[in-house]
Amino acid sequence: MRKQIAAANWKMNLSWSEAEQLLNDLLSSSYHLSENQQVIISVPAIYIPLAIQKVAEKSGVHIAAQNCYPKANGAFTGEISAPMLASVGVKHIVIGHSERREYFNESDTFLAEKVNATLAIGSTPIFCCGEPLAIREAGTQNEYVAKQIEASLFQLSADEISKVVIAYEPIWAIGTGKTATSDQAQEIHAYIRSVLAKQYGENIAQSISILYGGSVKANNAVEIFSQPDVDGGLVGGASLIVTEFNAIINALK
Ligand code: 13P
């Protein structure tokens, strides 16, 4: 059975004390996780040790980094490597968020290196893909997303790709309050799974969790997550509000 995942992406938000408060509120709130469900909270790098300490006793709750640099160490001022993240207990790293692709010019090949670096230290890449509005309007979103996946993931062996989580996040739905409909999400998630199946076989494709991201809220999560190929969500704005994120966790299948 595929893992069902409620992943938070705090992006560049919250002070130390606000982060601490949000973690306390979330961890003491009334969500229920079953065996195949996980919560992954992707926090700004500076809060990772605090957050890891907070969730240490909570089974099924993990802390993720929002990014890493593909080299292990060296003269890369300001960057943080995957082995450094592993050394503080990080087991999940978000790779290729559209904001990093857009504002930091991260290319498909650079992202492939980050995916490799993440797997090399035994962590799970949460690999983001998704099309801009112009591509959706032209109706070529499937080809666009398939190319992102092929260019950054198809260097992996079958064993390696089985450890990846994919997050489909249409750029036109991020932070806009405009979600994909549940039918649109299902359609492209099924397509992504078919792309994986063609390369790696049906069994592996069926085992990979594919999350939806883009204006997921408490009031639309049940509908989106109920789709057969949607295995949870990667949530930005609503993950900063404890009641919202709590309801989103409870909306997991
Ligand atoms: P919003 O939920 O704020 O639209 O952000 C989605 C996202 O980018 C998560 O990574």
Side-chain angles (χ1 to χ4, degrees), residues 3-14 18-19 22 26 38-45 47-48 51 61-68 85 90 92-106 111 114-115 118 123-133 135-136 141 144-145 148-149 152 164-182 184-185 188-189 192 209-225 227 230-252:
K3 284 250 172 320
Q4 303 297 307
I5 301 170
N9 179 7
W10 287 4
K11 308 192 180 185
M12 197 178 74
N13 289 298
L14 307 177
E18 287 165 345
L22 181 54
L26 187 65
Q38 280 187 339
V39 171
I40 301 175
I41 307 170
S42 169
V43 306
Y47 305 145
I48 288 172
V61 183
H62 305 273
I63 298 304
Q66 297 178 7
N67 182 33
C68 71
L85 293 168
V90 168
H92 300 79
I93 306 178
V94 177
I95 306 284
H97 193 280
S98 60
E99 288 147 18
R100 295 218 56 91
R101 292 175 188 263
E102 183 179 350
Y103 306 137
F104 303 96
N105 298 317
E106 296 194 354
L111 296 175
K114 293 188 181 203
V115 168
T118 302
S123 287
T124 299
I126 301 175
F127 178 78
C128 303
C129 56
E131 79 286 354
L133 183 60
I135 296 290
R136 172 62 63 166
Q141 64 274 7
Y144 187 93
V145 168
Q148 289 180 317
I149 289 173
S152 301
V164 174
V165 170
I166 293 178
Y168 167 69
E169 301 203 302
I171 297 170
W172 47 270
I174 294 177
T176 57
K178 192 176 167 190
T179 43
T181 64
S182 54
Q184 283 174 323
I188 194 155
H189 280 227
I192 291 170
S209 299
I210 306 176
L211 315 184
Y212 169 80
S215 298
V216 175
K217 311 278 179 215
N219 65 10
N220 59 27
V222 171
E223 162 84 13
I224 295 171
F225 296 176
Q227 298 299 315
V230 178
D231 304 310
L234 180 55
V235 186
S239 75
L240 300 170
I241 303 162
V242 72
T243 48
E244 281 279 316
F245 194 56
N246 207 3
I248 290 167
I249 297 171
N250 284 326
L252 287 174

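Only a predicted model underlies this, so the values are computations on that prediction, with no experimental measurement involved. For ligands, and for the atoms within them, numbers begin at 1 and follow the listed sequence. Computation of the quantities below employed the complete heavy-atom set of this structure, encompassing side-chain atoms and omitting hydrogens, waters and symmetry-equivalent molecules.
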#### Entry: Heavy-atom check, side chain of Ile166 versus side chain of Leu211, under 4.5 Å
no
#### Entry: Tyr168-Gln141 side chain donor-acceptor pair, cut-off 3.5 Å
no
### Message
Students should find this: residues with any non-hydrogen atom under 4.0 Å from ligand 1. What is the answer?
### Response
Asn9, Lys11, His97, Glu169, Ala173, Ile174, Gly175, Gly214, Ser215, Leu234, Val235, Gly236, Gly237
#### Entry: Salt-bridge present (Arg136, Glu131; N to O < 4.0 Å)
yes
### Query
Does Glu99 pair with Lys11 as a salt bridge, N-O distance under 4.0 Å?
yes
### Message
Applying the side-chain hydrogen bond (donor to acceptor under 3.5 Å, both in side chains) criterion to His97, which one of Gln66, Glu102, Glu169 satisfies it?
### Response
Glu169
### Task
With the side chain counted from C-beta on, respond yes when Phe104 and Asn67 share a heavy-atom pair under 4.5 Å apart, and no when they do not.
no
